[in-house]
Amino acid sequence: MYKDLIRLDRFPTKWCPGCGIGQILIQLTKAMDQMGLDHTNSTIITGIGCTGRLSGYINLDTVYTLHGRTLPMAEAIKTVNPNLKVIVVSGDGDLTAIGGNHLLHAARRNANITVICNNNQIYGLTGGQAGPTTPLGTRTVSTPAGAIRNPLILENLIKSAAKYFYARTTAYHQIHMQSCIREAIEWPGFAFIEVMSQCIENNGRRIGFNSAWEMLQLYKRTYKKAPRGKDSLEPDEIGIIRQS
């Protein structure tokens, strides 16, 4: 029944073949279906970038808002209608660059919203420039000799708040992603999910991958599930950490 939440009449999507955002769309709608969420009790807010297109494929009231402004829009909607489940889905560039100040203070205020960050470690829509989460040394359109700055560690940013919910998953670990989404939506406060996701066309091919499948296999080999109860995640771990 999760397909009732997807606007299949708008398929095929505008995303490149192999893009990880499609997995986020599927697992988000599956989690929402399991939780009984629909147009009567929930809404999706998206920002500018490849991930922003997701709101156009969800069959409920959504907002495709200004660049970097997903979180103040989400907080406003939650303030007006506290009973509504408000879910933000946006990319690492939109949330942590132009929207970085809003992310910091939404987490500090412990706003009761769920945020899903599609972290493909690149500015995908504009052609593949280095962004806040691009790994050191990565060759991009704007850093042909390799990125010279260390990436922003999103876990550390979220944990700077007194109360927090942070999850890390990947586009390969789809059942785990779905579980993270359900737990984040149920969390009574600000919940942030970082989804490590492949951008084959504007990132992967430039750094040596021949296909999105190869990038997914890297996620499979690299990321291991962390034991429950940990208060931090290693760089190669997926899991959930929280402080109530």
(request) Taking all heavy atoms of Thr138 and all of Pro135, pick out the closest pair and write down the distance. (result) OG1-O, 2.9 Å
(request) Determine whether Glu214 and Gln217 make a side-chain contact, defined as any pair of heavy atoms from C-beta on separated by less than 4.5 Å. (result) no
(request) Give the minimum heavy-atom separation between Ser232 and Ile241, together with the two atoms involved. (result) N-CG2, 3.8 Å
(request) Could you tell me whether the side chain of Met196 reaches within less than 4.5 Å of the side chain of Gln121, counting heavy atoms only? (result) yes
(request) Check whether any side-chain heavy atom of Val88 sits under 4.5 Å from a side-chain heavy atom of Thr114, and report yes or no. (result) no
(message) Any non-hydrogen side-chain atom of Met35 less than 4.5 Å from a side-chain atom of Ile185?
(response) yes
(request) Decide whether Ile113 and Met73 are clustered together by the hydrophobic rule: side chain heavy atoms of Ile, Leu, Val, Met, Phe, Trp, Tyr closer than 4.5 Å, transitively. (result) yes
(message) To the nearest 0.5 Å, what is the distance between OG1 on Thr169 and CD1 on Ile24?
(response) 9.5 Å
(message) For Phe190 and Phe192, take the angle between the two ring planes, folded into 0 to 90°, and tell me which bin it lands in: parallel under 30, tilted 30 to 60, perpendicular over 60.
(response) parallel
(request) Keeping the roles fixed (side chain from Thr222, backbone from Tyr219), state whether a donor-acceptor pair exists under 3.5 Å. (result) no
(request) Hey, could you give me the CD1/NE2 distance between Ile181 and His176, rounded to the nearest 0.5 Å? (result) 11.0 Å
(request) Please tell me if the side chains of Leu28 and Leu25 come closer than 4.5 Å, counting only heavy atoms from C-beta onward. (result) no
(message) Within the 3.5 Å criterion, strictly below it, is a donor on Thr170 or His173 matched to an acceptor on the partner's side chain?
(response) yes
(message) Would you say Glu194 and Tyr166 are linked by a side-chain donor-acceptor pair, where the criterion is simply a distance under 3.5 Å?
(response) yes
(message) For Ile207, is there any backbone N or O sitting under 3.5 Å from a side-chain donor or acceptor partner on Arg139?
(response) no
(message) Looking only at the side chains, is there a donor atom on one of Gln34 and Gln178 sitting less than 3.5 Å from an acceptor on the other?
(response) yes
(message) Quick check: closest heavy atoms across Ile45 and Val86, and the distance to 0.1 Å?
(response) CG1-CG1, 4.1 Å
(message) Quick test of your reading of the model: are Glu237 and Lys230 salt-bridged, counting only N-O distances below 4.0 Å?
(response) yes
(request) Indicate if Val89 and Tyr57 have the same hydrophobic cluster label, given that clusters are the connected sets of ILVMFWY residues with side-chain heavy-atom separations under 4.5 angstrom. (result) yes
(request) Please assess Thr134 against Tyr123 for the test side chain to side chain contact (heavy atoms under 4.5 Å, CB included), listing each intermediate value before the final yes or no. (result) CA-CA 9 Å; Thr134 301; Tyr123 283 118; over 6 Å; no
(request) Measure the shortest side-chain to side-chain distance between Asn59 and Ile6 over non-hydrogen atoms and say whether it is less than 4.5 angstrom. (result) no
(message) A quick test of your reading: do over 12 heavy atoms of other residues, nucleotides or ligands sit less than 6.0 Å from CG of Asp4?
(response) yes
(message) Strictly distance-based, threshold 3.5 Å: is any side-chain N or O of Asn41 a donor or acceptor partner for the main-chain N or O of Asp38?
(response) yes
(request) Could you tell me whether the side chain of Asp94 reaches within less than 4.5 Å of the side chain of His67, counting heavy atoms only? (result) yes
(message) In the structure I gave you, are the side-chain heavy atoms of Asp33 and Thr29 within less than 4.5 Å of one another anywhere?
(response) no
(request) Measure from NZ or CZ of Lys220 to the centre of the six-membered ring of Tyr172, then state whether that distance is under 6.0 Å and the direction lies within 45° of the axis. (result) no
(message) Which heavy atom of Ile44 sits nearest to which heavy atom of Leu54, and what is that distance?
(response) CG2-CD2, 4.2 Å
(request) Would you indicate whether His105, at its atom NE2, is surrounded by more than 12 heavy atoms from other residues, nucleotides or ligands within a distance under 6.0 Å? (result) yes
(message) Check for me, please, whether Leu216 and Ile200 land in the same ILVMFWY cluster - side-chain distances under 4.5 Å, paths through other members count.
(response) no
(request) Considering non-hydrogen atoms only, spot the tightest contact between Leu104 and Leu157 and give its length. (result) CA-CD2, 4.4 Å
(message) Any salt bridge linking Arg168 with Glu155? Criterion: basic side-chain nitrogen under 4.0 Å from a carboxylate oxygen.
(response) yes
(message) For Arg206, is the CZ atom crowded, meaning more than 12 foreign heavy atoms sit under 6.0 Å from it?
(response) yes
(message) Determine whether a donor-acceptor pair (N or O, by modelled atom type, separation under 3.5 Å) exists between the side chain of Ser142 and the backbone of Gln129.
(response) no
(request) Measure the spacing between SG of Cys199 and CG of Asn120 and express it to the nearest 0.5 Å. (result) 5.0 Å
(message) Side-chain heavy atoms nearer than 4.5 Å, only ILVMFWY residues, links allowed to pass through others: does that put Ile148 and Val141 together?
(response) no
(request) Would you please say whether a donor-acceptor pair under 3.5 Å links the side chains of Ser197 and Asn118? (result) yes
(request) Hey, could you give me the OG/CG distance between Ser42 and Leu60, rounded to the nearest 0.5 Å? (result) 5.0 Å
(message) Test your reading of the model: is there a side-chain donor-acceptor pair from Asn119 to the backbone of Val195, 3.5 Å cut-off?
(response) no
(message) Quick check: closest heavy atoms across Lys163 and Ser244, and the distance to 0.1 Å?
(response) CG-C, 4.0 Å
(message) Please report the interatomic distance CZ(Arg10) to CD1(Ile58), rounded to the nearest 0.5 Å.
(response) 11.0 Å
(message) Under a 3.5 Å distance rule, please check whether Gln243 uses its side chain to pair with a backbone N or O of Lys159 as donor and acceptor.
(response) no
(message) Tell me whether Ser55 contacts the main-chain N or O of Gly52 through its side chain, where contact means a donor paired with an acceptor under 3.5 Å.
(response) yes
(message) Tell me whether Trp15 contacts the main-chain N or O of Ile21 through its side chain, where contact means a donor paired with an acceptor under 3.5 Å.
(response) no
(message) So that I can tick it off, tell me whether Glu183 and Arg228 are bridged by a salt bridge, with the cut-off set at under 4.0 angstrom between side-chain N and carboxylate O.
(response) yes
(message) Side-chain heavy atoms nearer than 4.5 Å, only ILVMFWY residues, links allowed to pass through others: does that put Ile116 and Ile26 together?
(response) yes
(request) Walk me through it: do Thr46 and Thr62 pass the test side chain to side chain contact (heavy atoms under 4.5 Å, CB included)? (result) CA-CA 8 Å; Thr46 63; Thr62 62; over 6 Å; no
(request) Measure the spacing between NZ of Lys30 and NZ of Lys3 and express it to the nearest 0.5 Å. (result) 9.0 Å
(request) Please check if atom NZ in Lys78 has more than 12 non-hydrogen atoms from other residues, nucleotides or ligands closer than 6.0 Å. (result) yes
(message) Under a 3.5 Å cutoff, is there a donor and acceptor pairing between the side chains of Asp92 and Thr133?
(response) yes
(request) Using modelled atom types only, decide if a donor and an acceptor are shared between the side chain of Thr43 and the backbone of Asp61 within a distance under 3.5 Å. (result) yes
